[in-house]
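Right, one structure below, let's go through it.
Here the structure is a predicted model, which is why all the values come from computation and not from measurement.
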Amino acid sequence: MSRLGSLGARLYNGEVGYDFVGKRKIWYGLSILITITAIVGLAVRGLVMGIEFEGGAVFTTAKTGVSVAQVQEDAEKASGHDAIVQELGNGGMRIQISGLDTDTAIPVKDELAKDLGVSADDITSELVGPSWGEQIANKAWTGLAIFMVLVVVYLAIAFEWRMALAALIALVHDLTITVGVYALVGFEVTPGTVIGLLTILGYSLYDTVVVFDGLKEGSKDITKQTRWTYSEIANRSLNGTLVRSINTTVVALLPVAGLLFIGGGVLGAGMLNDISLSLFVGLAAGAYSSIFIATPLVADLKERDPQMKALKKRVLARRAAATARGENPDADGYDASGEPLDGPVGDAAPAGAVVGQPRGRSGGRGRPSGKRR
């Protein structure tokens, strides 16, 4: 078995772990800092809306010997507006100019033909009205609202309202970061961007639900034992799916990174940037939020419950009593009264253990774990 696979098995079995939930204040602070940066970038720089949302004209030329930089300069000079120029595979140019209407597009086309040294008939023009982009945006917002409501309802029914609230906060967190990065980078927002944003919601939610499912199973009958608190069970569930989450994220990011850095950066296929940037940032943010935000939030909310508060007091009291007797309270499967702990909760390993630190093997009261003598 590979080292990563071996580590995954040990994490799943509770032999090692990392205290994600116990250090949640660090992750909360980091997330708040990233979110504030994204919001400031959005407020200061704003989003660069594509022609589909602002309206304008798209000119496609035949093959020319003029560079992209020169074509962009000529287009901006002829129109008086910012222009986006992309070189096509056949050697032609795609010139996108926002803010043009029917009356101004024709003179700009003629001026471009003169500057590029081609016939006006060799340049095709297409006008895009802002109403079309507005319809897309409205439908996207409607779809997003419906999606959020259905997610909250489903999670509240399948799990509980605390998990639904934590998942919703994680989704908003992912969207805010992705939109903020778009503003900071200055990429255009196009229908492809909207598609990418809606796609990452499903991925982020999937990763979170997997952890929640393990947490639901692990916390079954949690109040019937006095070995672990809810936060510690949540941390164990998170560690059990950690390697799976990392593997899934890496596999998903590799092709998206190819589109963004090779397709959009090296090869200059700028249209790939529309969807690839939102996917890349969103997938990374989704994996981060499912590990560092969603589950710690559930633990925070759950620990406010009176039953969980009482459980925590019993757990701490049991550990204090065991320590006073010189025993290791987490060494075997027996509770404070000497009764064996059954089920997934009783078998849980120390949730705050550091990766690489094996679970204790001492026999507690001198008895080996297993059948009671």
Side-chain angles (χ1 to χ4, degrees), residues 1-28 30-31 159-160 162-163 166-167 170 173 203-222 225-252 283-303 308 311-312 315 319 328-333 341-361 369:
M1 183 182 294
S2 66
R3 290 185 178 180
L4 187 60
S6 176
L7 176 60
R10 296 176 68 193
L11 285 167
Y12 181 80
N13 293 327
E15 297 175 9
V16 296
Y18 183 81
D19 196 6
F20 292 102
V21 177
K23 298 180 179 179
R24 53 185 174 269
K25 290 184 179 180
I26 297 177
W27 318 131
Y28 292 166
L30 181 61
S31 295
F159 300 100
E160 59 172 304
R162 296 176 183 85
M163 292 185 176
H173 168 271
Y203 178 89
S204 176
L205 183 65
Y206 166 77
D207 224 24
T208 302
V209 168
V210 169
V211 180
F212 284 176
D213 187 61
L215 177 55
K216 179 183 178 181
E217 183 66 24
S219 59
K220 185 178 181 181
D221 297 329
I222 186 174
Q225 55 84 52
T226 56
R227 193 178 186 189
W228 308 115
T229 66
Y230 186 90
S231 292
E232 291 167 342
I233 297 299
N235 195 69
R236 182 180 186 274
S237 300
L238 185 55
N239 277 278
T241 60
L242 182 61
V243 172
R244 185 211 63 84
S245 298
I246 294 174
N247 287 338
T248 304
T249 302
V250 171
V251 170
L283 291 177
Y288 170 84
S289 65
S290 66
I291 297 174
F292 297 98
I293 302 299
T295 305
L297 272 176
V298 172
D300 260 339
L301 295 172
K302 194 71 175 180
E303 290 285 6
M308 296 302 108
L311 172 64
K312 186 174 182 179
V315 171
R319 291 177 181 174
N328 181 1
D330 300 330
D332 59 17
L341 296 171
D342 299 323
V345 172
D347 296 333
V354 178
V355 172
Q357 173 183 328
R359 146 167 63 180
R361 297 184 181 275
S369 59

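No side-chain heavy atom of L283 sits less than 4.5 Å from a side-chain heavy atom of T249. For the pair F159 and L215, the minimum side-chain heavy-atom distance is 4.5 Å or more. Proximity of L242 to L238: side-chain heavy atoms (C-beta onward) are nowhere separated by under 4.5 Å.
Residue pairs meeting the salt bridge (Lys or Arg N to Asp or Glu O under 4.0 Å) criterion with at least one member in residues 288-302, sequence neighbours excluded, are R24-D300, E160-K302.
The distance from atom NZ of K23 to atom CZ of F292, rounded to the nearest 0.5 Å, is 10.5 Å. For the atom pair T241 OG1 and N247 CG, the distance stands at 11.5 Å (nearest 0.5 Å). Here the CD1 atom belonging to I291 is positioned 10.0 Å from the CH2 atom belonging to W27, to the nearest 0.5 angstrom.
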Quiz item: Does the side-chain contact (heavy atoms from CB on, under 4.5 Å) test come out yes or no for F20 and T295, once each step is laid out?
Solution: CA-CA 9 Å; F20 292 102; T295 305; over 6 Å; no
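Judged purely by atom type and a 3.5 angstrom limit, N235 has no side-chain atom pairing as donor or acceptor with the backbone of S231. Counting only distance, with no hydrogens or angles, the side chain of Y230 and the backbone of L311 share no donor-acceptor pair below 3.5 Å.
Shortest non-hydrogen contact noted between T229 and K312 is CG2-CG, 3.9 Å. The minimum heavy-atom distance linking I233 with S219 is given by the pair CG2-N, 3.9 Å. The shortest non-hydrogen separation linking D207 to A287 is OD2-CA, 3.9 Å. For G286 against S289, the heavy-atom pair with the smallest separation is O-OG, 3.0 Å. Contact detail for A294 and T208: the closest heavy-atom pair is CB-CG2, 3.6 Å. Summarising the geometry of A166 relative to L297, their closest heavy-atom pair is CB-CB, 3.9 Å, with the distance given to 0.1 Å.
In this structure, a donor-acceptor pair under 3.5 Å is present between the side chains of Y288 and S31.
A search for side chain to side chain donor-acceptor pair (under 3.5 Å) contacts involving S237 returns nothing, not counting sequence neighbours.
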